[in-house]
Amino acid sequence: MISRTRRNLLLTTATLPLMPFAKQVRSADSAASSHTLIPKVGQTQMVPEEYGKTVVWCYNDAVPGPTIRVKQNDWVDINVVNQLEESTTVHWHGIRVPNAMDGVPHLTQPPIAPGEQYRYQFTAEDAGTFWYHPHQQSMEQVGRGLYGPLIVEETNPIQVDREIIWVLDDWKLTKEAQLVGQFGHPHDLSHAGRIGSTVTINGKLPDALDVQSGERIRLRLINAANARIFGIQFEGHQPQLIAIDGHPVPPHQPQQNIFKLAPAMRMDIVLDMTGAPGESFSIIDSYYPRDRYQLNEIVYGSEPLRDDLLTSNIALPPNLIAEPQLNEAEFHEITFDGGAMGSMEGAMLAGEWADIRSMAHQGNFWSINGVSATGHILEPLVTLKTGSTAVLKLKNLTRWPHPIHLHGHSFRVINRNNEATPHQEWQDTVLIEPQESADIAFVADNPGDWMFHCHILEHQASGMMGVIRVA
Ligand code: C2O
Ligand code: CU
């Protein structure tokens with residue numbers, strides 16, 4: 001009953017700051033949802049059969065791993081049985097879990113050694129599209145295929161004809177359709193990350209999206225790529241964006257009708273199939289201007305599903321997140337620096353000043369507030385008092401885009417380049433283009449040491465990682 005009482009309270013006192021949630025406690029009326037994830041080496045049919053199967057690392061023999069689908073406020077219980085030959089962890093990206101359940105090796109738990117198990121338990125407080133992935137050697141473990149969708153259903157979902165999940169990824173493959181080794185090549189670390197030329201949807205080359213005229217589809221997009229940013233356009237259609245990183249936004253068409261999805265981001269889209277029977281349309285990815293390509297195709301069947309489009313409401317109910325109190329916020333500036341063609345001279349590396357050459361020598365190309373991270377145990381960039389509001393000005397001083405992710409909290413993106421954003425979006429990962437800034441605001445209501453890092457996994461691995469402490 002705790003959560004229900006709390007919800008009623010929140011609905012009637014929307015202007016009050018919310019109390020920190022008692023996240024560890026399972027409320028008596030929440031249903032339990034149990035799952036097993038087995039990270040292991042496997043083989044999948046990623047490319048057409050004549051090329052053979054691709055050896056991957058995956059959960060339960062599939063890329064993506066099983067879709068964990070729960071209801072909002074369910075108690076989620078996931079046993080991870082590590083059958084890899086190296087240690088791992090699982091991070092529940094975007095879910096506001098208690099710190100001990102966050103899956104960060106050394107910082108929040110010991111890594112799960114080969115042959116060992118670890119049990120994660122948490123309440124799925126927020127409805128929306130989330131995902132899970134390792135946080136140990138993520139550059140290689142995620143890059144080899146360890147990830148899966150985590151869907152938290154609304155109590156009263158919007159009405160659609162069909163729901164589709166697309167987990168996007170890209171791969172560097174040899175002619176034999178095997179992954180090119182060499183994760184962490186210095187060029188990938190110091191430039192845009194490991195970007196592959198084989199783009200997959202749900203672990204294989206895209207199959208056309210077969211639709212019917214008049215159909216309404218909810219499409220959940222998840223970018224599980226190490227580094228590729230997608231800019232997706234549905235030619236001939238006007239899809240509505242209804243949620244970012246799990247959290248509702250007022251339904252609208254994005255700027256220029258392009259869905260810009262950086263690594264780790266999610267978007268929920270409502271796609272009304274306005275084409276005529278027999279028509280087909282391209283789905284284009286045009287984020288990198290020199291690499292514009294057809295991601296997929298929409299193909300209409302010969303029979304319409306209905307003559308008139310559905311007109312029912314597609315706005316999702318908000319999640320109950322503490323509202324930042326901007327008038328009493330603590331303000332911090334956080335700068336991201338380094339990388340190829342940048343002007344960074346050096347940074348603190350393992351407690352000592354290192355110039356850019358000796359940094360590069362150790363595979364560290366990036367810094368946050370002048371510190372280039374090695375490992376997950378770090379002096380906090382900032383320490384926030386539990387329950388206080390923080391505004392962080394994130395400044396990208398580099399020549400490269402960075403999707404910056406905070407664990408344990410969702411934040412509102414309140415400004416971009418000092419201008420208010422139209423929707424003050426709740427996100428957990430914010431893409432900041434070269435030389436740009438974003439201001440994020442949140443209530444630090446989840447105690448613990450939380451990772452704060454670039455989700456281009458090669459950048460994270462080469463120093464663009466920090467810790468924000470809530471205490
Ligand atoms: Cu999606 Cu720190 O991770
Ligand atoms: Cu980055």
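We count ligands from 1, going down the list as the structure has it; atoms in each ligand are counted the same way.
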The atom of His402 among N, O or S that is nearest the Cu ion (ligand 2) is ND1
Please report whether the ring centroid of His135 lies less than 6.0 Å from that of His106.
no
For the ring pair Trp366 and His402, is the centre-to-centre distance below 6.0 Å?
yes
For the Cu ion (ligand 2), give me the closest N/O/S atom belonging to His459, just the atom name.
ND1
Using only N, O or S atoms, tell me which atom of His93 is closest to atom 1 (Cu) of ligand 1.
ND1
His407 backbone or side-chain N/O/S under 2.8 Å from atom 2 (Cu) of ligand 1:
yes
His35 side chain to Asn79 side chain, donor-acceptor N/O pair below 3.5 angstrom:
no
If I take every N, O or S atom of His455, is at least one of them less than 2.8 Å from atom 1 (Cu) of ligand 1?
yes
Once rounded to 10 degrees, what value does the angle at atom 2 (Cu) of ligand 1 take between NE2 (His453) and NE2 (His135)?
110°
With distance as the sole criterion, is a donor-acceptor pair present between the side chains of Thr398 and Asn396 under 3.5 Å?
yes
Starting from atom 1 (Cu) of ligand 1, look over the N/O/S atoms of His133 and name the nearest one.
NE2
Look at the rings of His409 and Trp450 and say which category their plane angle falls in: under 30° parallel, 30 to 60° tilted, over 60° perpendicular.
perpendicular
Under 6.0 Å between ring centres, would you say that holds for His455 and His453?
yes
Is any N, O or S atom of His455 under 2.8 Å away from the Cu ion (ligand 2)?
no
